[in-house]
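What follows is a set of notes on a single structure, which appears directly below.
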Amino acid sequence: MASKRELQDILKDRYGINKNISDALSAADCEQMLALLEQEPSALKLVEAFAEKNLSLGRNNAQYGQQRSRAERKLEALQVDYQQLEQSVQALELSNAALADRKQQLDLQRQQLEAEIQALSSTNLRLESRVGDLSEQNVDLTEANTQLKKDNKELKNIVDLIKLRLTRDTKELLKYEDSELRKMVIRLFRWTLG
């Protein structure tokens, strides 16, 4: 008598019955199945139809398994891409927040600089007005200085004339003999000479 394994091999080779199907049968059941298939053509046709369908289902199952494997690999790749994109988005959001903060700081600095420029422009206008006033005063002072120089020269000439006349008159007075009068005139003369 043949073993169950040998009987399963015969069922597979002759009739295309998969070992997974015949595995549930005992050795005696396998022998009865072989006898039935040899004696009953309708049972043989039914088993061949089942075997054909099983083969077709096996092919479909293999095809769907491959498609599923490809889909799983694609899903894993997409998940990796998605995680990378999420990280990129988070990095961009952080960068965007930092740039927004920097923009806000620059806007504040710009406003401060504009206020400083405005203040400096206002100060510059006041200084220009002051320079104009000082220029006018300088012209007035230059004219006054010129006039004072002329007046001083004339005054010096007058003083020199007075000194000259005083000196001449004093010499005339010193010719007289009165000693008290002489002392007073000398003292007055020294005092006028400085």
Side-chain angles (χ1 to χ4, degrees), residues 55-194:
L55 184 63
S56 173
L57 289 173
R59 277 190 233 124
N60 286 344
N61 196 16
Q63 182 182 4
Y64 291 136
Q66 290 173 354
Q67 289 176 354
R68 181 179 175 175
S69 294
R70 283 193 297 268
E72 286 173 350
R73 286 193 300 273
K74 190 171 183 178
L75 176 64
E76 288 174 7
L78 288 173
Q79 286 174 334
V80 168
D81 288 346
Y82 177 77
Q83 288 174 353
Q84 289 174 347
L85 286 173
E86 280 287 323
Q87 292 171 353
S88 296
V89 166
Q90 288 175 354
L92 287 173
E93 286 174 350
L94 289 174
S95 176
N96 192 21
L99 288 174
D101 288 344
R102 181 67 179 140
K103 181 183 181 280
Q104 194 173 19
Q105 289 173 353
L106 290 174
D107 283 343
L108 183 61
Q109 287 177 353
R110 181 187 50 80
Q111 290 172 359
Q112 291 171 345
L113 288 173
E114 285 176 355
E116 284 181 38
I117 288 169
Q118 189 68 26
L120 288 172
S121 295
S122 178
T123 302
N124 194 24
L125 288 174
R126 283 194 309 273
L127 289 174
E128 285 177 1
S129 174
R130 182 76 176 130
V131 165
D133 293 345
L134 290 174
S135 294
E136 289 176 14
Q137 288 177 1
N138 192 27
V139 168
D140 293 345
L141 289 173
T142 302
E143 291 174 1
N145 191 30
T146 303
Q147 186 62 42
L148 283 173
K149 284 180 182 178
K150 287 179 185 176
D151 292 348
N152 281 343
K153 192 172 186 180
E154 290 175 8
L155 188 60
K156 185 179 181 293
N157 289 338
I158 292 172
V159 168
D160 286 345
L161 283 173
I162 291 172
K163 283 182 181 179
L164 182 62
R165 189 165 185 182
L166 184 63
T167 302
R168 193 178 59 205
D169 289 346
T170 305
K171 276 186 179 181
E172 287 294 319
L173 282 173
L174 288 175
K175 290 180 183 175
Y176 300 108
E177 291 290 327
D178 188 5
S179 67
E180 282 298 316
L181 183 63
R182 257 178 102 138
K183 286 180 185 177
M184 289 299 277
V185 170
I186 290 171
R187 196 181 305 156
L188 178 64
F189 183 67
R190 284 184 185 156
W191 178 76
T192 57
L193 292 178

With Leu108 as partner, the option from Gln104, Gln111, Gln105 fulfilling side chain to side chain contact (heavy atoms under 4.5 Å, CB included) is Gln111
Side chain to side chain contact (heavy atoms under 4.5 Å, CB included) with Lys149: of Asn152, Asp151, Asn145, only one passes, and it is Asn145
Quick note, side-chain hydrogen bond (donor to acceptor under 3.5 Å, both in side chains) partners involving residues 87-99, not counting sequence neighbours, are none
### Query
Hey, are the side chains of Asp160 and Lys156 touching, using non-hydrogen atoms and a 4.5 Å cut-off?
yes
Distance col, row Gln112:CD vs Ile117:CD1, nearest 0.5 angstrom, shows 12.0 Å
Interatomic distance, OG1@Thr146 vs CG@Leu141, rounded to 0.5 Å, equals 10.5 Å
Report task. For Thr123 and Arg126, run side-chain hydrogen bond (donor to acceptor under 3.5 Å, both in side chains): C-alpha distance rounded to whole Å, both residues' side-chain angles, the deciding distance at 0.1 Å, then the answer. Result -> CA-CA 5 Å; Thr123 302; Arg126 283 194 309 273; 3.3 Å; yes
Discussion item. I'd like to check Leu125 versus Glu128 (side-chain heavy atoms, cut-off strictly below 4.5 Å). Are they in contact?
Written reply: yes
CD of Glu143 to CG of Asn138, rounded to nearest 0.5 Å, is 10.5 Å
Sorted by chain and residue number, the salt bridge (charged side-chain N to carboxylate O under 4.0 Å, His left out) partners of Asp133 (sequence neighbours excluded) come out as none
Atom CD of Glu86: over 12 foreign heavy atoms under 6.0 Å = yes
So the side-chain hydrogen bond (donor to acceptor under 3.5 Å, both in side chains) pairs with at least one residue in residues 56-70 (sequence neighbours excluded) are Arg68-Glu72
To the nearest 0.5 Å, atom CG of Leu99 lies from atom CG of Leu94 at 11.0 Å
